[in-house]
Structure formats: structure tokens, C-alpha cells
Amino acid sequence: MTSPAAKQPFIRLEGVSKTYRFGGKEFLAVSDVTMDIEEGQLVALVGPSGCGKSTLLKVLAGLHNHDSGTVQIGNEVSPFTPGRDIGMVFQQALLLKWRTILDNILLPAEILGLPMAASRERARDLIEMVGIANFADAYPSQLSGGMQQRASIARSLVHDPKLILMDEPFGALDALTRERMNLELMRIWKESGKTILFVTHGIQEAVFLGSKVAVLTAGPARMAAHFDVNLPEPRTLSVKTSEQFGQYTKQIYALLGMD
Amino acid sequence: MPSFVRGHLYAVLAHVGFLVFWQLAVSIGKVPTYILPGPIDTFLALGEPSYNWLRHTWITALEIFGGYGIAVVVGVALAVLFVWIPALNAALMPLLITLNMVPKVAMAPLFIIWFSYGVFPNMLIAFTICFFPIVLTTYRGLVEVEPELLDLVKSLKGNRWQIFTKIQLPGSLPFLFSGMKVAAVLAVAGAVVGEFIASDSGLGYFLLVQQNALNTSAMMMALLLITGLGVLLYGTVAALEYVFVTRKGISP
Ligand SMILES: Nc1ncnc2c1ncn2[C@@H]1O[C@H](COP(=O)(O)OP(=O)(O)OP(=O)(O)O)[C@@H](O)[C@H]1O
Ligand SMILES: [Mg+2]
């Protein structure tokens with residue numbers, strides 16, 4: 001951590017704005033987002049519906065251009081290759097119905113043209129890591145929603161990208177499964193050491209998972225605040241009842257003007 | 001497996017039951033053969049060599065399968081073109097939908113003027129009638145991709161061809177098969193109506209000729225053979241659907 005290069009964060013967003021234009025109209029979806037993210041952090045992005053969270057993720061994924069500000073991903077220590085270094089998880093698992101779970105997980109490797117034998121081996125490890133090893137040769141329709149989402153997390157990791165973007169990945173799951181998936185994601189994140197940007201509506205979820213929480217206000221998304229979350233490690237469900245946890249959630253409610 | 005066997009057993013029993021009921025109704029009701037022959041009289045008609053069953057069945061089969069095959073090839077190709085060339089889709093899709101409103105069998109007299117009569121114009125009628133459901137459903141299947149799935153592929157810098165081969169094409173299969181099943185039924189009707197209007201062979205032609213002779217058992221047998229051709233076509237499509245779609249747990 002003494003080299004000058006290390007001073008540069010893995011992701012630097014500075015005054016990032018994005019305006020949608022359609023039918024002669026303009027719609028400012030993201031305005032003036034500024035934030036640094038270090039490599040290996042799990043950053044939770046909270047904000048009200050329609051505030052531009054997905055838009056911000058799409059800008060980071062290179063799917064949309066931003067209009068002003070700078071988006072810099074990667075640094076000298078850890079260079080970033082667009083495409084190659086992005087993994088995405090959505091609210092829906094979006095598995096291809098005609099492919100087995102294993103073949104679904106291999107999709108990014110196929111698209112990127114990675115060597116298949118090695119990728120297959122990696123996919124098998126990942127299937128194990130996300131806890132659905134028995135379903136490698138099953139089709140998605142044979143899996144529950146939670147298991148499908150596990151598969152889609154494995155898919156986002158198969159090409160070993162440096163940045164994983166998750167857009168409300170557990171939003172469609174029932175409350176209990178969602179809690180379980182939170183614990184699983186925590187473990188997967190620690191095992192993989194990836195940088196993860198995690199969009200959620202759940203304030204509890206954000207505090208529980210985030211090593212850092214960024215709060216966006218109602219659209220256009222303006223960065224209300226972002227702060228590190230310091231909770232006792234390892235984080236278990238009992239953390240949620242701690243006083244510190246309560247303080248963090250209160251703080252977020254206040255930032256969203258809901259206190 | 002037992003439920004699989006039981007399901008098929010019931011289906012077979014229902015078919016046999018239908019034939020038995022038909023025979024009994026005719027025998028007990030003493031219905032004259034020229035009005036409605038029973039299945040036994042109907043099948044006995046097969047033994048009459050002068051009826052040329054093989055030839056007529058072959059001609060009709062040629063028209064049905066030929067027209068259907070061309071419709072599948074042309075329909076799928078056109079749907080794919082529409083997907084790749086949006087301008088073509090914007091121009092031709094509305095035209096196709098309008099043309100779809102033309103009653104296809106009503107075009108048969110024109111086809112006869114243009115192509116004279118025989119196997120080809122009848123094949124063409126079968127083609128025109130079953131081409132539309134195939135092109136329309138296939139196109140819909142190809143374009144119906146979740147936008148976020150596209151985002152996923154694009155975030156990996158996947159190209160158009162990869163999206164097409166890995167997502168659109170396999171994703172369209174359930175749609176293609178549902179279109180093909182609808183088309184299978186239509187193809188049979190198209191070919192036979194074509195034969196009604198003008199031809200010198202085929203089961204539809206045979207049906208009309210025997211009508212003049214009040215040869216009802218031969219007519220019934222022709223009808224059964226036409227139905228058999230339809231079942232063969234539909235069964236083939238359903239079997240392919242089972243292999244490529246159902247077995248993999250894909251629902252349309
Ligand atoms: N492709 C687009 N064209 C035009 N406007 C868009 C487009 N995508 C999003 N918007 C608008 O931009 C705003 C932000 O959308 P975005 O999807 O980023 O919100 P979000 O924070 O992810 O919302 P949610 O929490 O409901 O998912 C919304 O008002 C939406 O209507
Ligand atoms: Mg969103």
C-alpha cells in the first residue's frame with residue numbers, strides 16, 4: 001500500500017450524470033454521482049425506486065454512455081478490461097431454459113471465447129461454491145427461484161471478472177430465502193475477493209452486506225452520502241439486532257428523508 | 001413410467017372405443033351403407049384395386065408434405081431475415097399481416113390459371129395457407145428476448161451473431177413448434193381443397209369422383225387416409241418438439 005499507484009481507487013466516479021433522450025424529451029436519470037470504490041469492497045447502493053440505480057450500473061457496465069463527469073474503472077495495480085472484467089446479476093436469474101445449469105454458467109466463457117476445458121472446470125468449482133453442485137446437469141425449470149439465482153451468481157463469476165454488478169439480485173425472493181442468500185453472498189464475496197456493486201431497496205440488506213453503503217436520493221439520483229460500514233466480523237444474522245446496525249439503518253432512513 | 005403407459009393406454013382405448021361405437025351405431029341403427037358405412041365396410045374399401053389408393057395417397061402426401069416443408073423453410077428464413085434487417089421487417093411485416101387476411105383457399109382458382117392443375121398448384125395452396133403462422137410465430141419467438149439478457153451479453157461485448165445463435169435461435173424453438181403445429185392442420189386442408197377445385201389425382205379428387213357414384217365407403221376411407229396423413233405430419237412435429245423442447249423442460 002505504499003506505491004503511488006495504490007492511491008488510485010479501483011473505481012472512481014466523479015460528477016457522473018446520465019440523461020435519457022427519447023422523442024425529443026430529456027430525462028435526467030443520474031445526476032452528479034461522486035464516489036470511490038476500493039478493490040474487493042462490496043458496495044451497497046440504496047435508493048428509492050426509479051432514482052437511477054440501474055442506470056448507474058448500466059453506465060458502469062458500459063451499456064450506456066454517461067453525459068458528463070468521469071467514470072474510471074481499474075488502476076495500475078489492477079487494470080480493467082471492459083467486457084472481460086464485468087459480471088452481472090439481475091433480479092431475474094435469466095437462465096437459458098434449454099441449457100443445463102452447467103452450460104448456463106458457461107455462457108460468459110463462451111461469449112468471451114475463453115478456453116472451454118478450463119472454464120468447465122471453473123464452472124464446476126463455482127457450482128459447488130454456490131451450493132447447487134447436485135444440479136449441474138439439471139435444467140433451470142427444475143430449480144427453485146433461490147437456486148436459480150445461485151446459478152446466475154456462479155455465471156457472473158465464471159470468467160473471473162474483477163467487478164460484479166448486481167441489480168436487486170434477491171428482490172424476487174421470499175424473505176427467508178433472501179436472508180439465506182444474504183449470508184451466502186457474504187461468504188461468496190469473501191471467498192472470491194471480488195469487487196461487488198449491489199443495488200437494493202432493502203436498507204437492512206444494504207447495511208448487512210455492504211462494506212460501504214451509498215445512498216441515492218429520489219430521481220435524479222444524486223449521491224446523498226456514502227460511508228463505510230464497520231460492524232463486527234464475521235457478520236452473522238445476530239449483527240442485525242446490534243445497536244450499531246440500528247444506527248446505520250437510522251442514518252440511511254434519515255438520508256432518504258424517511259425519519 | 002407407469003403413468004406414461006397409462007396415458008397412452010387411455011388414448012388407444014379412446015380410439016378403439018370410437019371405432020366400436022361407430023360400428024355399433026351403424027349396425028344397430030341399420031343405417032344404409034350409402035349414407036354412413038361402418039368402419040368395417042370402410043376398411044373393406046381398401047381391398048378394391050381399381051381405387052388406386054397408393055397413387056392417390058402418394059399424390060396428396062406429396063402436396064401436403066411438400067407445401068408444408070417449403071413453408072417451414074421459407075417461413076423460418078423470412079423470420080430470420082426480418083430479425084436481421086429491421087427495415088425489411090418494418091416494410092414487409094404489415095404487408096404480410098394484410099395478405100394473411102386473404103382467404104388462401106379462395107386463391108386456388110387463380111393458381112390454376114397461373115400454374116395449370118396438378119401437384120404443384122395444390123402444393124402451393126398448402127404452402128400459402130401454412131406459411132403465415134410459421135413466419136409470424138417464429139419472428140415473435142426470435143424477438144422475444146428479455147432485455148436484461150441482452151444487457152448481460154452486451155456487457156460481455158458479445159456480438160450480434162452470438163446473441164442470435166446462443167439466445168434468439170434456441171429461444172424461438174417453442175414458438176416455431178407451436179406455429180408448425182397450427183400449420184400442420186392447415187396444410188392438410190389446403191392440399192385437399194386444392195384437389196377439390198382442380199386436379200386429376202389425389203385423395204381430394206378421389207373423394208369427389210366417388211361422391212358421384214354414391215360410393216360412401218370409399219369416400220370414408222379417403223377421409224381416413226387424409227386424416228392419417230395429417231396425424232403423421234402432426235405426430236412428426238410433436239415428436240420433434242418433444243426432443244428439442246419438452247424434454248429440456250422448456251415451455252413456450
Ligand atoms: N432506456 C430508458 N429510456 C428512458 N428513460 C429511462 C430508461 N431507463 C430508465 N429510464 C428512466 O430513468 C429513471 C431511472 O431509472 P432506473 O431504472 O435507473 O431506476 P432504478 O433506481 O433502478 O429504479 P428501481 O429501483 O425501480 O429499479 C426512471 O425514471 C426511468 O423511467
Ligand atoms: Mg432498477
### Message
I'd like to know if the side chain of Gln91(A) and the backbone of Glu168(A) have a donor-acceptor N/O pair within less than 3.5 Å.
### Response
no
### Query
Going from CG on Asp36(A) to CD on Gln41(A), what distance comes out if it is rounded to the nearest 0.5 angstrom?
9.5 Å
### Task
Below 4.5 Å from any heavy atom of chain B, which atoms of Pro82(A) appear? Answer side chain, backbone, both or neither.
both
#### Entry: For chain B, which residues of residues 57-68 of chain A have heavy atoms nearer than 4.5 angstrom
Lys58(A), Ala61(A), Gly62(A), Leu63(A)
#### Entry: Side-chain donor/acceptor of Ser119(A) to backbone N/O of Pro115(A), under 3.5 Å
yes
### Task
Mark yes or no for whether Trp189(A), through its side chain, and Ile196(A), through its backbone, hold a donor-acceptor pair below 3.5 Å.
no
### Task
Select one option (side chain, backbone, both, neither) describing which atoms of Ile86(A) are under 4.5 Å from chain B's heavy atoms.
both
### Query
Is it true that a side-chain atom of Asp85(A) and a backbone atom of Phe80(A) form a donor plus acceptor pair closer than 3.5 Å?
no
Throw together a table of side-chain donor-acceptor distances under 3.5 angstrom for residues 55-68 of chain B, partners on residues two or more places apart or in other chains.
unit_1	atom_1	unit_2	atom_2	d
His56(B)	ND1	Gly202(B)	N	3.1
Thr57(B)	OG1	Trp53(B)	O	2.7
Thr60(B)	OG1	His56(B)	O	3.2
Thr60(B)	OG1	Glu195(B)	OE1	3.4
Thr60(B)	OG1	Glu195(B)	OE2	2.9
Thr60(B)	OG1	Leu203(B)	N	2.7
Glu63(B)	OE2	Asn122(B)	ND2	3.2
Tyr68(B)	OH	Met180(B)	O	2.7

### Query
Under 4.0 Å between a Lys/Arg side-chain N and an Asp/Glu carboxylate O for Lys212(A) and Glu38(A)?
no
### Query
Non-hydrogen atoms of chain A under 4.5 Å away: do they reach the side chain of Glu148(B), the backbone, both or neither?
both
### Task
Please confirm whether the backbone N or O of Leu42(A) pairs with a side-chain atom of Ser211(A), one donor and one acceptor, at under 3.5 Å?
yes
#### Entry: Ala93(A) backbone acceptor or donor facing Arg155(A) side chain under 3.5 Å
yes
### Close approach to chain A in residues 84-93 of chain B, criterion heavy atom under 4.5 Å
none
### Summary
Okay, Ile167(B) and chain A: the region with an atom under 4.5 Å from a heavy atom over there is both
### Message
For the interface with chain B, which of Leu165(A), Leu96(A), Thr100(A) has the highest count of heavy-atom pairs at distances below 4.5 Å?
### Response
Leu96(A)
### Query
Which is it for Thr177(A) and Asp174(A) under the side-chain hydrogen bond (donor to acceptor under 3.5 Å, both in side chains) test, yes or no, and what are the steps along the way?
CA-CA 5 Å; Thr177(A) 311; Asp174(A) 65 273; 2.5 Å; yes
## Note on the structure
CE of Met88(A) to OG of Ser155(B), rounded to nearest 0.5 Å, is 5.5 Å
### Message
Sort by residue number and list every residue of residues 107-114 of chain A having at least one heavy atom under 4.5 Å from chain B.
### Response
Leu107(A), Pro108(A), Glu110(A), Ile111(A), Leu112(A)
### Message
Test your reading of the model: is there a side-chain donor-acceptor pair from Arg84(A) to the backbone of His159(A), 3.5 Å cut-off?
### Response
yes
### Query
So, are Glu39(A) and Lys194(A) salt-bridged, with charged N and O less than 4.0 Å apart?
no
### Message
Please check this pair: side chain of Thr195(A) against backbone of Gly40(A), looking for a donor-acceptor N/O pair closer than 3.5 Å.
### Response
yes
### Query
Can any side-chain N or O of Glu146(B) pair as donor or acceptor with the backbone N or O of Leu94(A) at less than 3.5 Å?
no
